[in-house]
Amino acid sequence: MTVEGAIDLVRDDVIRGLSPAFEPFSDEDGDGFEVAKDFRDIEVVSNDQIASVVWTYRCRHVDWFTNAPPSGAALTIRGTTTVDTRPDDPLYHRYIDWLAVYTALGYTLYQRQMVDVPDREIINSGRPEERLEG
């Protein structure tokens with residue numbers, strides 16, 4: 001597998017997987033699928049069978065994504081895909097920064113305080129000597 005072949009496989013995989021909810025979009029911040037800017041001038045980590053591609057995908061949110069209704073927002077999804085062509089069909093190992101996607105769509109992550117279920121007491125509040133043990 002050539003480097004160009006690996007990039008093409010990953011491009012097709014990203015677009016096929018994300019385009020139902022996130023259609024490719026071009027503006028001054030990006031142009032659809034691209035090798036990530038910081039990785040364009042260096043060779044993709046690869047051998048003849050396995051390659052890792054660090055990518056960005058500039059897109060517009062056009063359909064439901066899990067529980068997020070279409071917003072029309074333009075955003076950049078970032079990820080890394082390792083493609084293994086040793087099997088008959090390529091095998092993809094993907095990392096996508098989903099927290100950044102949700103943040104770009106206007107969602108925030110919050111965590112509630114941990115609670116000791118049997119006693120319903122807040123575990124991590126107050127001074128250390130007042131916290132529950134174990």
Side-chain angles (χ1 to χ4, degrees):
M1 164 177 54
T2 66
V3 169
E4 294 78 21
I7 292 170
D8 288 342
L9 284 172
V10 172
R11 175 185 294 110
D12 292 345
D13 179 63
V14 168
I15 292 171
R16 186 176 57 253
L18 295 176
S19 65
F22 300 99
E23 70 181 10
F25 181 71
S26 296
D27 63 8
E28 64 278 354
D29 292 326
D31 184 22
F33 176 91
E34 298 178 304
V35 173
K37 183 174 76 170
D38 293 338
F39 292 83
R40 289 181 194 155
D41 295 332
I42 61 174
E43 191 168 334
V44 170
V45 177
S46 69
N47 60 28
D48 291 342
Q49 300 170 327
I50 300 171
S52 291
V53 178
V54 182
W55 52 266
T56 61
Y57 180 64
R58 187 70 178 159
C59 55
R60 185 176 300 281
H61 182 210
V62 295
D63 202 353
W64 282 85
F65 174 67
T66 62
N67 292 326
S71 66
L75 64 140
T76 300
I77 299 175
R78 291 173 173 75
T80 300
T81 302
T82 299
V83 60
D84 181 350
T85 60
R86 291 176 296 180
D88 291 336
D89 291 321
L91 179 62
Y92 299 90
H93 304 274
R94 305 171 189 93
Y95 168 79
I96 298 174
D97 188 355
W98 293 120
L99 185 57
V101 170
Y102 281 106
T103 300
L105 295 176
Y107 293 85
T108 58
L109 173 70
Y110 69 92
Q111 294 177 309
R112 65 179 179 86
Q113 292 182 332
M114 292 178 59
V115 175
D116 180 33
V117 175
D119 297 329
R120 304 272 190 246
E121 293 185 50
I122 295 174
I123 294 174
N124 48 348
S125 67
R127 296 186 312 218
E129 63 271 11
E130 295 174 351
R131 294 182 187 161
L132 292 174
E133 299 273 337

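Throughout, numbering of the chain's residues begins at 1 and tracks the sequence.
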Donor-acceptor pairs under 3.5 angstrom involving side-chain atoms of residues 62-74: please list them, not counting sequence neighbours.
from  : atom 1 : to     : atom 2 : distance (Å)
Thr66 : OG1    : Tyr102 : OH     : 2.6
Ser71 : OG     : His61  : ND1    : 3.0
Ser71 : OG     : Ala73  : N      : 3.1

Tell me which donor-acceptor pairs under 3.5 Å the side chains of residues 9-21 have, and how far apart each pair is, sequence neighbours excluded?
from  : atom 1 : to    : atom 2 : distance (Å)
Arg11 : NH1    : Asp8  : OD1    : 2.7
Asp13 : OD1    : Arg94 : NH2    : 2.8
Asp13 : OD2    : Arg94 : NE     : 2.8
Asp13 : OD2    : Arg94 : NH2    : 3.4
Ser19 : OG     : Ile15 : O      : 2.6

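Partners of Asp27 according to the salt bridge (charged side-chain N to carboxylate O under 4.0 Å, His left out) rule, which considers only residues two or more places apart in sequence or in another chain, are Arg58. Residues satisfying the side chain to side chain donor-acceptor pair (under 3.5 Å) criterion with Thr80, sequence neighbours excluded, are absent altogether. Residues forming a salt bridge (charged side-chain N to carboxylate O under 4.0 Å, His left out) with Glu23 (at least two apart in sequence, or on another chain): none. Checked against salt bridge (charged side-chain N to carboxylate O under 4.0 Å, His left out), Asp31 has no partners two or more places apart in sequence or in another chain.
When all heavy atoms are compared, the tightest approach of Thr85 to Asp48 is OG1-O, 4.1 Å. In terms of heavy atoms, Pro24 sits closest to Gly32 at CB-CA, 4.3 Å.
Both Tyr107 and Leu75 belong to a single network of hydrophobic side chains, linked directly or stepwise wherever heavy atoms of I, L, V, M, F, W or Y lie under 4.5 Å apart. In the hydrophobic clustering of this structure, Val35 does not group with Ile50; members are Ile, Leu, Val, Met, Phe, Trp, Tyr whose side-chain heavy atoms approach within less than 4.5 Å, directly or through other members.
Put simply, CZ on Phe33 and CD1 on Ile77 are 12.0 Å apart, with the number rounded to the nearest 0.5 Å. The structure places CZ of Phe22 at 11.5 Å from OG1 of Thr76, a figure rounded to the nearest 0.5 Å. The OG1 atom of Thr82 lies 10.0 Å from the CG atom of Leu91; values are rounded to the nearest 0.5 Å. The line from OH of Tyr92 to CG of Asp84 is 10.5 Å long, rounded to the nearest 0.5 Å. Taking CZ from Phe39 and OG1 from Thr56, the interatomic distance works out to 11.5 Å, rounded to the nearest 0.5 Å.
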